[in-house]
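Step one of this worksheet: look at the structure below.
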Amino acid sequence: MPFCTFEGIEGSGKSTQALRFAALFGERALLTREPGGTDLGRGVREVLLAPRAHPVAPVAESLLFFADRAQHVGELLRPALAAGRVVICDRYVDSSLAYQGYARGLDLDALHHIAAFATGGLRPDLTLLLDMPVAEGLARARSRGGSPDRLEAEEIAFHERVRAGYHALAAQDPGRWRIVDARGGVDEVAERVRAAAAGWPW
Ligand code: TYD
């Protein structure tokens, strides 16, 4: 069951690269994202990303991301995999581990349990980490204009913890992860992604 995910900090260019990668598989590819891959998820996404007058409790935040994910797995990911499609997802469980676990400080074991419950154990077989220094990513994200969403507006130290979290996750499961240098032009990075994923789906 070919299931690949893209992960990275804000401004890492993940979504552009996921699109380029999906194009390699033509009609066979399903490109989707979290949060917001389903109708229910788009509602959850708005709730999650809107700036708030009161702090959002980290557990509440994480459960909303997992609510989006549970719907996404059932409505889109599993049926597509069962139909033999190549599924490419822009963010998945590792975003929750990096952002809500490593950066917000929620218990990682608890998040793993919730992940198993929410996804029924569906795991990607390839994860591409688009990696770049936080300052560069944030500058890129901000140059897109518009006001930053609730997560983007977090302090630099938060984003540094996200990046370090991704590296820790990659080190724990090197068979699944590929770290790709996300600095440089779109074509250059797309070539690195293609090389890093060579042979996939295995
Ligand atoms: P999005 O606009 O999709 O950001 P990006 O283009 O960087 O992917 O917003 C998703 C935001 O939600 C992003 O800041 C990462 C965060 N997030 C979590 O904190 N936990 C999660 O489980 C997921 C899926 C996303």
Side-chain angles (χ1 to χ4, degrees), residues 3-22 31-38 40-52 55-73 76-77 87-108 110-119 122-124 127-134 136-166 169 182 186 189:
F3 178 27
C4 161
T5 58
F6 278 73
E7 296 285 351
I9 60 164
E10 321 295 315
S12 58
K14 208 172 34 47
S15 310
T16 307
Q17 293 301 334
L19 187 66
R20 292 282 295 258
F21 187 62
L31 172 63
T32 182
R33 71 161 175 185
E34 293 187 356
T38 62
L40 179 77
R42 282 181 281 281
V44 177
R45 178 184 173 87
E46 273 174 41
V47 168
L48 275 163
L49 299 186
R52 298 269 157 206
V56 175
V59 174
E61 178 180 83
S62 73
L63 292 173
L64 284 165
F65 279 113
F66 277 111
D68 166 79
R69 185 165 297 131
Q71 183 70 25
H72 196 209
V73 167
L76 224 58
L77 304 185
V87 175
I88 296 159
C89 191
D90 183 354
R91 299 195 180 281
Y92 190 61
V93 170
D94 298 302
S95 281
S96 289
L97 299 172
Y99 281 76
Q100 281 68 51
Y102 286 93
R104 281 270 191 252
L106 289 187
D107 184 70
L108 289 165
L111 291 173
H112 280 291
H113 279 111
I114 298 167
F117 182 53
T119 68
L122 180 68
R123 291 193 195 148
T127 297
L128 293 149
L129 172 58
L130 293 198
D131 187 49
M132 64 158 50
V134 167
E136 281 179 48
L138 288 182
R140 238 203 234 184
R142 278 165 197 164
S143 72
R144 283 180 203 147
S147 47
D149 65 39
R150 197 174 55 78
L151 277 296
E152 261 168 33
E154 285 288 342
E155 57 184 8
I156 298 270
F158 177 88
H159 296 285
E160 293 286 2
R161 292 195 296 275
V162 172
R163 185 181 185 208
Y166 276 131
L169 291 166
V186 173
V189 178

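Counting starts at 1 for both ligands and their atoms, following the listed order.
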Tyr99 N/O to ligand 1 N/O under 3.5 Å: no

Option set Glu10, Arg144, Glu7, criterion heavy-atom distance to atom 14 (O) of ligand 1, minimum: Glu10

Can you run down the salt bridge (charged side-chain N to carboxylate O under 4.0 Å, His left out) pairs that involve residues 140-149, sequence neighbours left out, and say none if there aren't any? none

With a 4.5 Å cut-off on side-chain heavy atoms, are Pro133 and Arg163 touching? yes

Can you find a non-hydrogen atom of Arg45 under 4.0 Å from ligand 1? yes

Pro35 side chain reached by Val44 side chain, heavy atoms, under 4.5 Å: no

Run the ring-centre check on Tyr99 versus Phe65 and record whether the distance is less than 6.0 Å. no

Quick check on Arg69 - does any of its heavy atoms sit under 4.0 Å from an atom of ligand 1? yes

Taking the six-membered ring of Phe66 (Phe, Tyr or Trp), confirm whether the NZ or CZ of Arg69 is under 6.0 Å from its centre and within 45° of its axis. yes

Please report which non-hydrogen protein atom sits nearest to atom 9 (O) of ligand 1, along with the residue it belongs to and the distance in Å to one decimal place. Leu49 CD1, 3.6 Å

Among non-hydrogen protein atoms, atom 22 (O) of ligand 1 lies closest to Ser96 OG, 2.6 Å

When you measure from the side chain of Arg161 to the backbone N and O of Ala103, does any donor-acceptor pair fall under 3.5 Å? yes

What's the shortest distance from atom 19 (O) of ligand 1 to any protein heavy atom, and which residue and atom give it? Gln100 NE2, 2.9 Å

Starting from atom 21 (C) of ligand 1, locate the nearest protein heavy atom and write down its residue, its atom name and how far away it is, to 0.1 Å. Phe65 CD2, 3.3 Å

Answer with side chain, backbone, both or neither: which part of Lys14 has a heavy atom less than 4.0 angstrom from an atom of ligand 1? side chain

Quick one: nearest non-hydrogen protein atom to atom 10 (C) of ligand 1, plus distance? Pro35 CD, 3.8 Å

In the structure I gave you, are the side-chain heavy atoms of Gln17 and Val186 within less than 4.5 Å of one another anywhere? yes

Non-neighbouring partners of Asp94 that pass side-chain hydrogen bond (donor to acceptor under 3.5 Å, both in side chains), sequence neighbours left out: Arg176

Within a distance under 4.0 Å of any heavy atom of Leu151, pick out the atoms of ligand 1 and give their elements. 14 (O), 16 (C), 19 (O)

Does even one non-hydrogen atom of Arg91 get within less than 4.0 Å of ligand 1? yes

